[in-house]
Protein chains: 2
Amino acid sequence: MDGRLSGVGVVDKAVALLAAVESGARTLNELVGLTGLPRPTVHRLAAALVAHGLIRRDEELHYLPGLRLIALGRAASQSLPLARVAQRPLEDLRDATGESAQLYVREGEGRVCVAVAESPHGLRTIVPLGAVLDLRRGSAGAVLRAEPAVLARGFADSVGEREPGVASVSAPVLHGDRVVAAISVSGPVERTSREPARRYAAAVMAAARAVEAAAGLR
Amino acid sequence: MDGRLSGVGVVDKAVALLAAVESGARTLNELVGLTGLPRPTVHRLAAALVAHGLIRRDEELHYLPGLRLIALGRAASQSLPLARVAQRPLEDLRDATGESAQLYVREGEGRVCVAVAESPHGLRTIVPLGAVLDLRRGSAGAVLRAEPAVLARGFADSVGEREPGVASVSAPVLHGDRVVAAISVSGPVERTSREPARRYAAAVMAAARAVEAAAGLR
DNA sequence: TGATCTTGTCTCACATAATGAGACAAGATT
DNA sequence: AATCTTGTCTCATTATGTGAGACAAGATCA
């Protein structure tokens with residue numbers, strides 16, 4: 001369960017249920033365990049979500065993410081033109097560096113991966129689309145926090161900060177002087193070296209410029 | 001707003017809000033108009049959803065689908081192994097017929113498109129991933145309703161039934177004697193002719209068998 | 001075999017928690 | 001300056017969601 005509060009209890013509980021189902025809970029009692037809610041409450045709320053297609057149940061009565069979420073997820077992706085427009089630059093960046101490239105946007109106190117281009121290597125960084133990461137960690141985190149030092153330099157790098165063994169370099173995508181997104185390359189330190197910036201900073205910044213141009217940001 | 005009731009009012013309202021935002025409502029009053037809910041209620045509920053990332057607001061305070069939905073949508077897709085496994089057969093079917101191919105599963109009194117392979121033609125059928133269609137219409141609807149006549153024949157066809165000008169042929173994907181999905185080709189009647197079955201039935205049924213094989217259904 | 005868990009489900013008395021009319025400030029139009 | 005229209009907030013009211021507990025049906029035990 002994620003502990004956020006919203007002022008509307010039912011919504012908190014319903015979202016906790018969605019998160020629990022997303023994270024693989026299948027049986028009623030698993031949902032109860034994961035959310036900490038009383039069983040009848042889980043049952044009733046889950047039933048309500050099922051009625052709306054946000055949760056579904058298979059023939060064994062297992063709870064699963066509802067198919068309605070597919071369309072909602074699509075709508076969310078499409079509501080962010082930046083993600084669509086960044087796809088090409090991301091792929092170029094991936095091809096130029098050989099490493100996985102991602103686009104992140106800030107979301108409250110976290111950051112969300114909204115576009116990816118995966119490295120062809122067998123050993124590569126994988127950040128699932130939609131993944132919510134810690135805003136306090138990683139080079140993309142530093143960018144999205146709009147750290148003055150980072151903005152002055154035009155990029156940020158990190159080694160094993162968010163996850164051991166992976167290094168990354170990120171650059172801000174700017175709209176005027178506002179950071180609207182962070183574009184990153186990341187890969188295993190074995191390939192990227194302990195000073196990934198030296199190798200990748202230029203390419204990442206170029207990609208950021210490409211995204212800005214494609215998005216028509218001045 | 002979709003008028004479904006679930007027994008938990010707050011959930012109904014929250015879902016109505018998600019639907020409204022999905023369908024493009026951007027301002028508070030648009031949400032009010034679309035859902036029929038009182039303004040303070042919309043405001044409070046929307047704020048709650050924003051706190052959880054299911055809705056987001058841009059710098060102009062417009063309401064937009066929340067990025068959290070991206071991950072949930074992914075989870076929903078992945079929870080349906082059939083969709084992943086059907087991708088190849090769908091593409092083969094598309095290539096064999098030149099028309100768009102879709103996989104539908106039943107969801108309550110509707111049907112949801114869970115996988116697609118789009119025709120290369122300029123004029124083609126487009127069914128967005130996650131789209132919820134009428135179970136009562138179209139050849140895929142007949143399949144998912146498990147109509148005896150359809151099951152006996154092994155396929156269904158329709159011309160201009162769900163949407164004027166488009167014809168389709170669908171076959172059931174079976175698990176034992178249970179219909180678990182419908183696989184379809186559809187295109188403009190100008191190309192498919194008024195008797196699409198003659199041309200496509202065999203290919204669609206073959207695709208259904210391929211999906212069953214790939215999914216390990218006996 | 002019968003006893004004991006553990007499922008999912010449902011009811012219902014209770015008070016928490018959501019409600020929504022109304023008021024407010026701040027822009028935008030007039 | 002007067003009038004809409006935004007988004008936002010409060011607060012008295014009670015509708016609404018709550019969850020302990022009971023139930024039936026399997027599963028697993030002895």
Side-chain angles (χ1 to χ4, degrees), chain A residues 1-66 79 107-108 178, chain B residues 1-66 79 107-108 178:
Chain A
M1 87 197 108
D2 77 276
R4 228 167 327 182
L5 263 283
S6 76
V8 183
V10 193
V11 169
D12 297 347
K13 291 169 193 159
V15 172
L17 282 179
L18 288 179
V21 169
E22 176 192 18
S23 72
R26 325 206 109 221
T27 149
L28 184 69
N29 284 345
E30 283 175 347
L31 290 179
V32 169
L34 234 57
T35 58
L37 298 171
R39 190 137 50 114
T41 301
V42 169
H43 188 263
R44 177 163 28 86
L45 252 33
L49 293 169
V50 167
H52 289 289
L54 299 191
I55 289 184
R56 114 190 108 96
R57 306 190 72 173
D58 62 16
E59 52 289 340
E60 291 147 319
L61 294 185
H62 286 342
Y63 290 95
L64 296 172
S79 76
E107 163 82 21
R178 230 181 119 60
Chain B
M1 84 195 114
D2 80 273
R4 227 166 329 179
L5 263 285
S6 75
V8 183
V10 192
V11 169
D12 297 347
K13 291 169 193 158
V15 171
L17 283 178
L18 288 178
V21 169
E22 176 193 18
S23 72
R26 327 204 108 222
T27 148
L28 186 70
N29 284 345
E30 282 175 347
L31 290 179
V32 170
L34 234 56
T35 59
L37 299 170
R39 187 137 45 116
T41 301
V42 169
H43 189 263
R44 176 164 28 88
L45 252 32
L49 293 169
V50 167
H52 289 289
L54 299 191
I55 289 183
R56 114 190 109 96
R57 307 190 71 174
D58 61 16
E59 51 288 342
E60 292 147 320
L61 294 184
H62 286 343
Y63 289 95
L64 297 172
S79 77
E107 163 84 21
R178 229 181 120 58

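Order of the sequence lines fixes the chain letters, A, B, ..., with proteins taken first and strands second; residue numbering starts at 1 for each chain.
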Inset, instruction - Could you tell me which non-hydrogen atom of B/L49 sits nearest to which non-hydrogen atom of B/A14, and how far apart they are? - result: CD1-O, 3.9 Å

Legend entry - side-chain contact (heavy atoms from CB on, under 4.5 Å) involving A/E59 - partner list, sequence neighbours excluded: none

Inset, instruction - On DNA chain C, reading 5' to 3', which nucleotide is the first and which the last to sit with an atom under 4.0 Å from a heavy atom of chain A, could you check? - result: C/dT7 to C/dA18

Legend entry - Integer angstrom distance from the C1' of D/dA15 to that of D/dC11: 16 Å

Inset, instruction - Taking all non-hydrogen atoms of both residues into account, name the closest pair between B/A48 and A/V11 and its distance. - result: CB-CG1, 4.0 Å

Legend entry - A/R39 CZ to D/dG17 P, straight-line distance once rounded to whole Å: 22 Å

Inset, instruction - Using atom CZ of A/R44 as one end and atom P of D/dG17 as the other, report the distance to the nearest whole Å. - result: 8 Å

Inset, instruction - First locate atom CG of A/D12, then atom NE2 of B/H52, and finally report the distance between them rounded to the nearest 0.5 Å. - result: 3.5 Å

Inset, instruction - For A/L37 and D/dA20, give me the distance from atom CG to atom C1', rounded to whole Å. - result: 15 Å

List every contact pair, protein side and nucleotides 10-16 of chain D side both N or O, where the distance is under 3.5 Å.
none

Legend entry - Partner residues of A/R57 under the side-chain hydrogen bond (donor to acceptor under 3.5 Å, both in side chains) criterion, sequence neighbours left out: A/Y63

Legend entry - Closest contact, heavy atoms only, A/R39 versus A/V32: CA-CG2, 3.7 Å

Legend entry - Sequence neighbours excluded, every pair satisfying side chain to side chain donor-acceptor pair (under 3.5 Å) that has a member inside residues 14-26 of chain A: A/E22-B/R68

Inset, instruction - Check side-chain hydrogen bond (donor to acceptor under 3.5 Å, both in side chains) between B/T41 and all other residues, then give those that pass, not counting sequence neighbours. - result: none

